[in-house]
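In what follows, a structure is listed as structure tokens, so that the remarks can point back to it.
Letters go in sequence order (proteins before strands), and every chain restarts at 1.
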There are 2 protein chains.
Amino acid sequence: MAYRETPRMRARKAATRQRIVDATLQLVAEGGFGNASVARVAERAEVAIGSVYRHFESKSELFAEVFRNATEIEVNKVAETLNGEGPASERLTAALRVFAQRAIRGPTMAWALIAEPVDPQVDEERLRYRQAYAELFEKNLTRGIKTGVFAPQNTRLSSAAIVGAIAESLVGPLSPAAEGLDGDAAQQLTEDIAHFCLRAVRPIEGEGS
Amino acid sequence: MAYRETPRMRARKAATRQRIVDATLQLVAEGGFGNASVARVAERAEVAIGSVYRHFESKSELFAEVFRNATEIEVNKVAETLNGEGPASERLTAALRVFAQRAIRGPTMAWALIAEPVDPQVDEERLRYRQAYAELFEKNLTRGIKTGVFAPQNTRLSSAAIVGAIAESLVGPLSPAAEGLDGDAAQQLTEDIAHFCLRAVRPIEGEGS
DNA sequence: CCAAAAAGTGAATAGTGATTCACTTCTACT
DNA sequence: AGTAGAAGTGAATCACTATTCACTTTTTGG
């Protein structure tokens, strides 16, 4: 026998894999998943087409991993904000702002994550992605209800509805067809989304717990 | 010369076209647009593949027409309800119920119209479809604000957010992956969606105009 | 009945892009 | 230096469907 896996090789392999993921991520950020054919990914990563398949079972699997990567960052930002200081209602507002502002900054990526038609395996990841947000919001709602800053409600439904409300409000402006928003319009949109969601969960005035 | 277009032939041609549309509609209702290949449509409509192309420029155009057909019915039902008797808030509740209940009854079709990845031409129609709902809701909001049953707000944004909230709340339960809802769960879901949206637009208690 | 024109047919073609695989190059160990 | 085994290669293949088009059938008015 002769060849044995060695740390150096392991590192090299991991690096190549990462280059493929990064190349895909770039291409998606530039033009969505539709922009990331295997041939293009290979070219950008400076590997042969076949090499992509040494590292990933299939294109779907590559996409799923890329989706997870991109998504994790976003979800974490929102989670951080939701877990920050202050009353639940203020945290929610701040989180909605973070979500919207980040989406508006990187509209192509946001659109790819939120709405681009891709394939079933990515759709599954997308479901999880939205689910992840919904769970974060749900926790926030539950706490807010306890402290009385939100009205009692079906938190499961409300959190899904919040995710939908944000997504739908953004999809129009984010879609590749639309021209971008200027700073003011982005600001206004962000605030209006936050207000809508806050109104939907706030308690009825004049009724204490 | 000899052949001239005659009422009889015109009718026949229209009937064939309609059979193609109906066949497509059926296939979409059964399994979404992905289930409706040209070959299958032709088979179901009992025409040759080529005949489909005598009536439609392309598959996309056929799909766009089918989408419009299916959509029109739904939008009209909601419009009727919104324009019914009673205060704007009650009409909105009723319309949200109609939307949700109909979607739950025909989940595959609803999913195809709301969320299924298809092609750019259908996506365009889908944009219009959501837009149509948004406009209906927007009119209702505007009236409700005038009569004081809703709080003053950015009606454009709120109507989009309502559409998103309904869609997102339903997409999970409607997706082909999910198993259907029983009657009670459907009822509950419907009510919770309506409540969420109503809370989002209602005025702050104790503040008159 | 006949010729002109349209409607109807479906096997063959074409476009796209993912996936394979026989082959080459590189690495690690004796 | 030799070699086992892995990593890397990319032209060729495959898979899937939409679309075409040469041909057949039907309809109609003379």
Side-chain angles (χ1 to χ4, degrees), chain A residues 1-24 27-28 31-67 116-122, chain B residues 1-21 23-24 27-28 31-67 116-123:
Chain A
M1 70 213 71
Y3 181 97
R4 277 297 105 91
E5 192 183 69
T6 154
R8 184 167 167 255
M9 278 317 281
R10 211 168 333 179
R12 172 132 93 101
K13 196 177 175 185
T16 303
R17 186 187 168 95
Q18 195 54 46
R19 247 181 327 133
I20 293 169
V21 170
D22 289 346
T24 311
L27 289 166
V28 172
F33 286 96
N35 190 42
S37 64
V38 176
R40 277 242 243 187
V41 167
E43 191 191 6
R44 182 70 67 101
E46 294 180 299
V47 298
I49 290 175
S51 299
V52 174
Y53 287 87
R54 293 271 168 213
H55 294 275
F56 299 91
E57 203 51 41
S58 68
K59 190 192 164 180
S60 289
E61 214 172 82
L62 165 61
F63 275 10
E65 175 152 341
V66 167
F67 192 96
E116 184 185 2
V118 192
D119 76 53
Q121 215 170 331
V122 168
Chain B
M1 70 213 69
Y3 183 97
R4 277 297 107 87
E5 193 184 66
T6 155
R8 185 167 167 253
M9 279 317 283
R10 213 170 330 178
R12 173 132 95 102
K13 195 176 174 185
T16 304
R17 187 189 168 94
Q18 196 53 47
R19 246 179 330 130
I20 293 168
V21 170
T24 311
L27 288 166
V28 173
F33 286 96
N35 190 42
S37 64
V38 177
R40 278 243 241 186
V41 167
E43 191 190 6
R44 182 70 67 100
E46 295 180 296
V47 298
I49 291 175
S51 298
V52 173
Y53 287 88
R54 294 269 170 216
H55 293 275
F56 299 91
E57 204 50 43
S58 67
K59 189 191 164 179
S60 289
E61 214 172 81
L62 165 61
F63 275 11
E65 175 154 340
V66 166
F67 192 97
E116 184 186 1
V118 190
D119 76 52
Q121 214 171 330
V122 168
D123 284 349

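Of the possible donor and acceptor atoms, none in the side chain of B/S51 sits under 3.5 Å from a partner among the backbone N and O of B/R54.
Note that the CG atom of B/D123 and the CD atom of B/E116 stand 10.5 Å from one another [nearest 0.5 Å]. Atom-to-atom distance recorded for A/E57:CD and A/Q121:CD is 10.0 Å, nearest 0.5 angstrom. Rounded to the nearest 0.5 Å, atoms CZ (A/F67) and OG1 (A/T24) are 14.5 Å apart.
Contact annotation: A/T6 side-chain N/O to C/dT27 OP1/OP2 distance is not under 4.0 Å. Contact between the side-chain N/O atoms of B/R8 and the OP1/OP2 oxygens of D/dT27 is found at a separation under 4.0 Å. A/H55 has a side-chain polar atom (N or O) that falls below the 4.0 Å cut-off from OP1 or OP2 of D/dG8. The shortest distance between the side-chain N/O atoms of A/S37 and the OP1/OP2 oxygens of C/dT16 is not below 4.0 Å.
Rounded to an integer number of Å, the gap from A/E46 CD to D/dA7 C1' is 17 Å. In this structure, CG of B/L62 is placed 10 Å from P of D/dT19, rounded to the nearest angstrom. Here the P atom of nucleotide D/dT9 and the CD1 atom of A/I20 are 9 Å apart, to the nearest Å. A/R12 has its CZ atom 6 Å from the P atom of D/dG8, to the nearest Å. Rounded to an integer number of Å, the gap from CD1 of A/I49 to C1' of C/dA18 is 9 Å. For the pair B/D119 CG and D/dA18 P, the computed distance is 10 Å after rounding to whole Å. Regarding B/N35, its CG atom lies at a distance of 12 Å from the P atom of D/dA18, rounded to whole Å. Taking atom CD on B/E43 and atom P on C/dA11, their separation rounds to 13 Å, with Å as the unit.
With D/dT9, C/dA7, C/dG8 as the choices, the nucleotide that has an atom nearest any side-chain atom of B/T16 turns out to be C/dG8. If you check D/dT27, D/dT9, D/dA18 against the side chain of A/A48, the one that comes closest is D/dT9. Checking C/dA7, D/dA18, C/dT27 against every side-chain atom of B/Y53, the shortest atom distance belongs to D/dA18.
At a cut-off of 3.5 angstrom, counting only N and O atoms as typed in the model, there is a donor on one side and an acceptor on the other between the side-chain of B/R54 and the base of C/dT9.
Residue B/F56 comes nearest to B/E65 through the heavy atom pair CE2-OE1, 3.6 Å, listed as atom of the first residue, atom of the second, then distance.
A/S51 comes within contact range of at least one nucleobase, with a heavy-atom separation under 4.0 Å.
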